[in-house]
Amino acid sequence: DIPNELFLVLGLVSLVENLLVVAAILKNRNLHSPTYYFICCLAVSDMLVSVSNLAETLFMLLMEHGVLVIHASIVRHMDNFIDMLICSSVVSSLSFLGVIAVDRYITIFYALRYHSIMTLQRAVVTMASVWLASTVSSTIFITYYNNTTILLCLIGFFLFMLVLMLVLYIHMFALARHHLHSISSQQKQPTVYRSSSLKGAVTLTILLGVFFICWGPFFFHLTLIVTCPTNPFCTCFFSYFNL
């Protein structure tokens, strides 16, 4: 049993952090490029999760303490709206993580053609498409949330993004490692090569590890709902959903 006050604090901290990211990108003209616009959209997606969480927790606390009395039908509509907002945020957040990975990949493998490939117009179209797709899909997901196909689509989307990021970042790491090897062999400094390769491997592990640790439990929860909803082990796991 996790107190709602804790969710409220976490939501506020997350909101402030993402607001700082958005403010930094909007204020600094040097960051006005497609790459940072994608990062800004990612921050907005995560900020929507925070706002949804704050709104939901605040309403729950007010109703629990008898400060706010709302009709049951209105509560249900509010709950559906907040769930749709959270679902849209989850889908857009995962999508922008994938878009950022693709953008980084183009930067490294097509460095000379990057500005002609990733134009501002294409970046705007990409961002608008992600937001539109997230809104439409979240509406469908919440409307048919009991449907197994919908849950499988969400799980499949997560796995697709995980594999996409794994492939792109490992390929980028392999190229960086190859360049380091070439430079160190010319300069005859194998120690520098090993040190840089280790740093790159650690960075890659942290990047993908944090992604999986953050999102893994939620999608594992969805997988268990589909595969073993009545199994005692699964039921036990469901009870820790708030955690």
Side-chain angles (χ1 to χ4, degrees), residues 2 7 10-11 14 17-18 21 38-53 56 79-106 126-173 203-229 231 233-243:
I2 299 168
F7 281 116
L10 288 171
S14 179
E17 286 177 343
N18 286 296
V21 173
F38 295 144
I39 292 170
C40 186
C41 283
L42 176 63
V44 171
S45 299
D46 294 336
M47 201 161 58
L48 285 175
V49 177
S50 305
V51 169
S52 308
N53 173 56
E56 189 174 39
D79 187 49
N80 286 336
F81 176 74
I82 289 170
D83 284 346
M84 192 185 81
L85 198 60
I86 291 171
C87 189
S88 176
S89 308
V90 168
V91 174
S92 60
S93 182
L94 289 170
S95 298
F96 281 116
L97 280 167
V99 168
I100 289 165
V102 171
D103 179 71
R104 294 293 82 211
Y105 187 85
I106 296 169
T126 302
M127 290 184 285
S129 301
V130 169
W131 284 116
L132 180 64
S134 301
T135 306
V136 172
S137 61
S138 65
T139 307
I140 295 168
F141 289 158
I142 297 305
T143 306
Y144 303 101
Y145 70 95
N146 279 326
N147 195 310
T148 305
T149 309
I150 293 298
L151 294 178
L152 286 171
C153 286
L154 262 173
I155 295 162
F157 177 66
F158 168 72
L159 291 173
F160 171 74
M161 282 301 166
L162 182 62
V163 171
L164 177 72
M165 289 174 67
L166 269 170
V167 170
L168 293 182
Y169 282 121
I170 288 172
H171 196 188
M172 283 186 267
F173 172 68
T203 303
L204 184 64
T205 305
I206 291 170
L207 177 72
L208 296 173
V210 169
F211 171 79
F212 186 75
I213 289 167
C214 288
W215 287 112
F218 174 68
F219 285 95
F220 182 59
H221 182 94
L222 293 184
T223 306
L224 294 184
I225 289 174
V226 174
T227 55
C228 59
N231 185 284
F233 168 79
C234 300
T235 308
C236 179
F237 187 83
F238 296 154
S239 65
Y240 289 98
F241 179 73
N242 276 354
L243 180 63

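Bear in mind the structure is a predicted one, so any value in this text is a computation, not a measurement.
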Minimum heavy-atom distance between [X] and [Y], given as atom pair plus value:
{"X": "Val91", "Y": "Ser137", "result": "CG1-OG, 3.9 Å"}
{"X": "Cys234", "Y": "Leu224", "result": "SG-CD2, 3.9 Å"}
{"X": "Val21", "Y": "Ala43", "result": "CG1-CB, 3.8 Å"}
{"X": "Thr139", "Y": "Thr135", "result": "OG1-O, 2.7 Å"}
{"X": "Cys87", "Y": "Ile142", "result": "CB-CD1, 4.2 Å"}
{"X": "Met161", "Y": "Ser95", "result": "CE-CA, 3.9 Å"}

Measure the spacing between [atom1] of [X] and [atom2] of [Y] and express it to the nearest 0.5 Å.
{"X": "Phe81", "Y": "Ser52", "atom1": "CZ", "atom2": "OG", "answer": "8.0 Å"}
{"X": "Met47", "Y": "Cys41", "atom1": "CE", "atom2": "SG", "answer": "10.5 Å"}
{"X": "Leu151", "Y": "Thr223", "atom1": "CG", "atom2": "OG1", "answer": "9.0 Å"}
{"X": "Ser50", "Y": "Leu10", "atom1": "OG", "atom2": "CG", "answer": "9.5 Å"}
{"X": "Phe173", "Y": "Leu168", "atom1": "CZ", "atom2": "CG", "answer": "15.5 Å"}
{"X": "Leu208", "Y": "Leu162", "atom1": "CG", "atom2": "CG", "answer": "7.5 Å"}

| query | Under 6.0 Å from the CZ atom of Phe238, do we count more than 12 heavy atoms belonging to anything else shown? | reply | yes

Run Val90 and Trp215 through side-chain contact (heavy atoms from CB on, under 4.5 Å) and show every step you take. CA-CA 9 Å; Val90 168; Trp215 287 112; 3.7 Å; yes

Does Leu85 offer a backbone N or O that forms a donor-acceptor pair with the side chain of Ser89 under 3.5 Å?
yes

Worksheet item: Is there a donor-acceptor pair under 3.5 Å between the side chain of Asn18 and the backbone N or O of Ser14?
Response: yes

Quick one: does [X]'s side chain get under 4.5 Å of [Y]'s, heavy atoms only?
{"X": "Phe158", "Y": "Phe212", "value": "yes"}
{"X": "Trp131", "Y": "Ser92", "value": "yes"}
{"X": "Met165", "Y": "Leu97", "value": "yes"}
{"X": "Phe96", "Y": "Thr126", "value": "no"}
{"X": "Phe241", "Y": "Phe218", "value": "yes"}
{"X": "Thr235", "Y": "Asn231", "value": "no"}

Relative to the ring of His221, is the ring of Phe237 parallel (under 30°), tilted (30 to 60°) or perpendicular (over 60°)?
-> tilted

Within the 3.5 Å criterion, strictly below it, is a donor on Ser93 or Ser45 matched to an acceptor on the partner's side chain? no

